[in-house]
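One structure below.
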Amino acid sequence: MEKQEENCKIDIEEEKMDKEDMYSCRRRISRVMITLIIGLLATCYYIFVVELCIFTVPSQELKATFLVIFHILFLLCMWSYLRVVITPPAVPPETFRLSESDKQLYLSEERPEVQEQILSRAAKNLPLYYNIDSKTPIKYCRKCQFIKPDRCHHCTVCDICILKLDHHCIFLNNCVGFSNYKFFLLFLLYVPLLLIFTSAVSLYCSILFWTDQLPNMDSKGSAIALFCMSTLSCIIFCYRYIYDHYSLVLTNETLLEFNEGLHCEYNPYDLGYRKNWRQVFGNKKRYWFIPIFSSLGDGSSFPLGDATKDIEKNGTIDCQTPK
């Protein structure tokens with residue numbers, strides 16, 4: 001019997017080590033992906049600016065126009081990308097952590113119903129949807145030792161609980177959650193705009209070559225390659241990401257909630273398109289399309305669809321980066 005228990009413990013330890021190795025491998029792959037993406041953007045930058053604008057476009061006015069528009073879109077794209085990569089995910093505030101006495105009581109107790117009573121007592125004054133819908137059990141993360149706020153989930157790769165977790169992205173080496181969700185959406189917006197503009201200019205240069213308005217030169221192949229690459233990337237990007245994520249913003253759902261079908265029958269956080277949009281992008285329109293944090297709320301509590309107060313009065317933090 002003791003031997004079986006020892007073997008069971010060894011299996012569990014080995015399983016944990018395998019998982020840790022897998023997550024560590026994913027983090028290393030993510031770092032490589034970031035390097036590749038930055039390298040790809042740098043290559044596209046060189047082809048567009050040097051090969052096309054400087055060496056190929058004949059008109060000085062068009063050169064200046066193309067360079068200004070391209071650099072504005074490129075700057076916004078890179079700014080959004082770096083903000084979503086370097087912004088640390090928001091974690092639950094200390095008010096959601098169990099007191100030492102409650103934690104010892106919870107860990108020493110084996111009966112689920114008593115554990116639920118301990119959590120209910122500790123969460124009594126916390127802003128949780130569970131307190132309204134008593135049928136939903138209170139969620140507690142043993143690893144982070146937090147009572148999970150609404151829409152908070154534990155990321156196995158980052159190994160922390162993250163407020164309003166959307167998903168963990170291998171291309172960012174980071175989780176997309178409350179603190180960087182707006183930056184992620186802006187990145188999804190500026191990438192296709194940059195690709196569309198790059199595709200249009202490279203097509204224009206390719207037509208100049210095809211109609212013999214420009215002599216054959218080394219940039220001809222670069223123009224055609226850039227057109228094909230940017231057009232294909234734009235189609236894939238728009239089809240795969242833009243529609244999915246922006247439609248979820250308008251219904252006030254995260255990708256994780258949508259994939260797990262958490263709000264199939266009723267979404268308590270759906271406030272209507274306009275308020276859902278403002279919850280992510282903020283009340284001040286001048287900040288909507290700039291990678292500056294302007295989301296409403298604190299990430300640990302959310303206004304409900306049947307709330308009588310407006311979203312602006314429901315615990316907003318406007319234009320401040322969450323601590």
Side-chain angles (χ1 to χ4, degrees), residues 15-16 19-24 26-27 30 83-107 109 112 115-133 136-170 172-184 248 252-263 267-269 279-280 293 295-304 315 317 320-323:
E15 190 178 335
K16 282 182 179 178
K19 283 184 178 180
E20 286 174 5
D21 290 341
M22 182 182 68
Y23 298 143
S24 177
R26 286 185 65 178
R27 286 192 287 270
S30 292
R83 283 305 304 269
V84 73
V85 168
I86 66 176
T87 301
V91 297
E94 285 299 313
T95 50
F96 285 83
R97 192 182 292 278
L98 284 181
S99 65
E100 195 60 36
S101 57
D102 283 338
K103 185 173 76 174
Q104 294 300 329
L105 208 62
Y106 180 84
L107 293 174
E109 185 57 60
Q115 287 181 334
E116 184 64 30
Q117 289 173 8
I118 295 166
L119 293 178
S120 298
R121 187 175 65 250
K124 188 177 180 182
N125 297 318
L126 293 176
L128 294 172
Y129 181 60
Y130 314 134
N131 291 339
I132 299 170
D133 178 16
T136 307
I138 291 173
K139 299 170 186 174
Y140 178 72
C141 179
R142 287 175 173 268
K143 206 158 195 179
C144 299
Q145 299 180 350
F146 277 112
I147 291 175
K148 290 184 182 180
D150 294 337
R151 315 182 84 174
C152 176
H153 298 273
H154 187 91
C155 174
T156 51
V157 180
C158 297
D159 203 27
I160 52 173
C161 283
I162 295 169
L163 297 178
K164 198 184 177 183
L165 176 63
D166 189 79
H167 68 287
H168 183 93
C169 185
I170 193 171
L172 304 171
N173 192 31
N174 199 4
C175 272
V176 176
F178 174 75
S179 61
N180 58 2
Y181 188 46
K182 178 192 170 184
F183 309 142
F184 175 72
L248 289 174
N252 209 331
E253 273 189 288
T254 64
L255 186 63
L256 187 149
E257 289 168 346
F258 176 78
N259 288 338
E260 294 189 359
L262 298 180
H263 304 314
N267 181 6
Y269 308 110
Q279 195 174 81
V280 176
F293 184 82
S295 301
L296 302 180
D298 57 7
S300 57
S301 61
F302 301 89
L304 303 176
I317 299 175
Q320 296 177 11
T321 303
K323 296 179 180 178

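For Ser179 (side chain) and Pro88 (main-chain N/O), a donor-acceptor pair under 3.5 Å exists by modelled atom type. Asn173 places no side-chain N or O within 3.5 Å of a backbone atom of Ile170 that could act as its donor or acceptor partner. A donor-acceptor pair under 3.5 Å links the side-chain atoms of Asn252 to the main chain of Tyr269, judged by distance alone.
Heavy atoms only, all atoms of each residue included: Tyr181 and Glu253 are closest at OH-O, 4.2 Å. The nearest pair of heavy atoms linking Ile162 to Cys155 is CD1-CB, 3.9 Å. The shortest heavy-atom contact between Val176 and Leu172 is CG2-CD1, 3.7 Å. Looking at every heavy atom in both residues, Ala122 comes nearest to Asp102 through CB-OD2, 4.0 Å. Smallest separation of non-hydrogen atoms from Val280 and Lys182: O-CB, 4.0 Å.
Taken from CD in Gln104 to CD1 in Ile118, the straight-line distance is 11.0 Å, to the nearest 0.5 Å. With rounding to the nearest 0.5 angstrom, the CD1 atom of Ile147 is 4.5 Å from the CG atom of Leu98. The CZ atom of Phe96 sits 4.5 Å away from the OG atom of Ser300 when rounded to the nearest 0.5 Å. Here Leu119 contributes atom CG and Tyr140 contributes atom OH; the two are 7.5 Å apart, rounded to the nearest 0.5 Å. Atom CZ in Phe178 sits 12.0 Å away from atom OG1 in Thr87 (nearest 0.5 Å). How far CD1 of Ile86 is from CG of Asn174: 10.0 Å, rounded to the nearest 0.5 Å.
Residues passing the side chain to side chain contact (heavy atoms under 4.5 Å, CB included) test with Leu107, sequence neighbours excluded: Lys103, Arg142. Scored by the salt bridge (Lys or Arg N to Asp or Glu O under 4.0 Å) test, Glu257 finds Arg151 as partners (sequence neighbours excluded). For Glu109, the salt bridge (Lys or Arg N to Asp or Glu O under 4.0 Å) test picks out Arg111, with sequence neighbours left out.
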Item to check | Derivation and outcome, side-chain contact (heavy atoms from CB on, under 4.5 Å), residues Asp150 and Leu128 | outcome: CA-CA 6 Å; Asp150 294 337; Leu128 294 172; 3.9 Å; yes

